[in-house]
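Atoms within a ligand are numbered from 1 in the order they appear, just like the ligands themselves.
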Amino acid sequence: MALLVLKFGGTSVADIDRIRNVARHVKREVDAGNEVAVVVSAMAGKTNELVAWAREASPIHDAREYDSIVASGEQVTAGLLAITLQAMGVEARSWLGWQIPIRTDSAHGAARIESIDGDELIHRFCLGQVAVIAGFQGIGPDNRIATLGRGGSDTTAVALAAALNADRCDIYTDVDGVYTTDPRIEPKARRLERISFEEMLEMASLGAKVLQVRSVEMAMVHGVRTFVRSSFDVPESINSNPEALQPGTLICDEEDIVEKEVVTGIAYARDESQISLRRVPDRPGISAAIFGPLAEANVNVDMIVQSVSEDGSRTDMTFTVPDGDLDKAIKVIEENREQIGYELIQSDRGLVKVSVIGMGMRSHAGVAATAFRALAERGINIRAITTSEIKFSLLISSEYTELAVRTLHATYGLDKAF
Ligand code: ASP
Ligand code: MG
């Protein structure tokens, strides 16, 4: 017997038929003798619709009311799954965030989970009841509903698995695992059997959309073995050991991965903007003068490249921000023109950041150099580079996205059998 947290995303609960399919998955685990908590998202597209309604009613709105509106989608699916399970003879009860309670901080719209009281749920498991939990929501210090940011049901599931000390957290979704890169761009992308928490965190942060970044952080901190698997086409007769019987990707400790590759995956993120400040005075405090006001304005600066000045007096400073922040960033820089003292500001939007991720980079030299050569051979210009211990990222023009991803995928042998 194991304690499992199962999470089903929007496409897996998109209509009543899909919810019945989810109920069958749950029943399979219950019949195998497991204690089960299920976290559900809203039906596919529902949260977008709710967000749009809030914006239509009032473009600028109270974040507490936004939360009360957008949290409603999960209330519907939790109730629907509970009655579907009951109709199949499985004892089940739905739970909203405040009823458990899942306590969050006060950042409405992007709240962080602070604590989960699992006592009542554990009591219900002992009575043989399945808990169906509305994802994406909790209760803030102001006693009002708080939501966890888009994609937040993943975080509900992992946090719950940590709080209940679950044996595993299964994330059921519309893909059958984590791939070496986006299969829509590179059909030769392969499903990874296992990926380390650290690599998954980089993949998610750098553009892979399988899991909410915060849920991976949470899994890493609490050591929650998280299994990403498909909610579709599962034979009825399967037993409860998915690691042996069903494809999927296990996110786990590095030590649990036997075959280690130098590079594990290629991620990409669109909609990046580049800003270049030309002929900035090269003096102490110049970075603070540029990035201080941007941080205050909540502009998310990512890559930063500063050139060495020729004569020790003037230099160029290039950095990237999300496209959505470009206008605000330029405004902030122009307002601070005097303090910064640049000569010219140039910008470009719609760029792409392609990232190469792998634990093996810690012990192998020259991994990035291989990429530079491969891209150069295909005439792809690299506009900015950042590196860290287990990844490097390259900023390129968007027309090269597919070519760059495919080139890098092949360069590191990711299309070959592991
Ligand atoms: N329904 C929410 C969203 O669409 C939360 C989730 O699905 O994880 O962002
Ligand atoms: Mg999701």
Would [X] count as a polar contact of ligand 1, with the cut-off being nitrogen or oxygen pairs under 3.5 Å?
X: Asp154; result: no
X: Gly151; result: yes
X: Thr47; result: yes

Within ligand 1, which atoms have a heavy atom of Arg150 less than 4.0 Å away? 3 (C), 4 (O), 9 (O)
Atoms of ligand 1, numbered as shown, that sit under 4.0 Å from any heavy atom of Ser41: 6 (C), 7 (O), 8 (O)
Are any side-chain N or O atoms of [X] and backbone N or O atoms of [Y], one a donor and one an acceptor, separated by less than 3.5 Å?
X: Asp271; Y: Asp323; result: no
X: Thr249; Y: Val178; result: yes
X: Gln86; Y: Ala92; result: yes

Using non-hydrogen atoms of the residue, decide whether Gly135 is closer than 4.0 angstrom to ligand 1. no
Select one of side chain, backbone, both or neither to describe which atoms of Glu74 lie under 4.0 Å from any atom of ligand 1, heavy atoms only. side chain
ring-ring contact (aromatic ring centres under 6.0 Å, His included): which pairs involve residues 38-86, sequence neighbours left out? His61-Tyr66
Would you mind checking if Arg362 and Glu254 are paired as a salt bridge, meaning a charged N to carboxylate O distance below 4.0 Å? yes
Would Arg337 count as a cation-pi partner of Tyr342, with NZ or CZ less than 6.0 Å from the six-membered ring centre and within 45° of the ring normal? yes
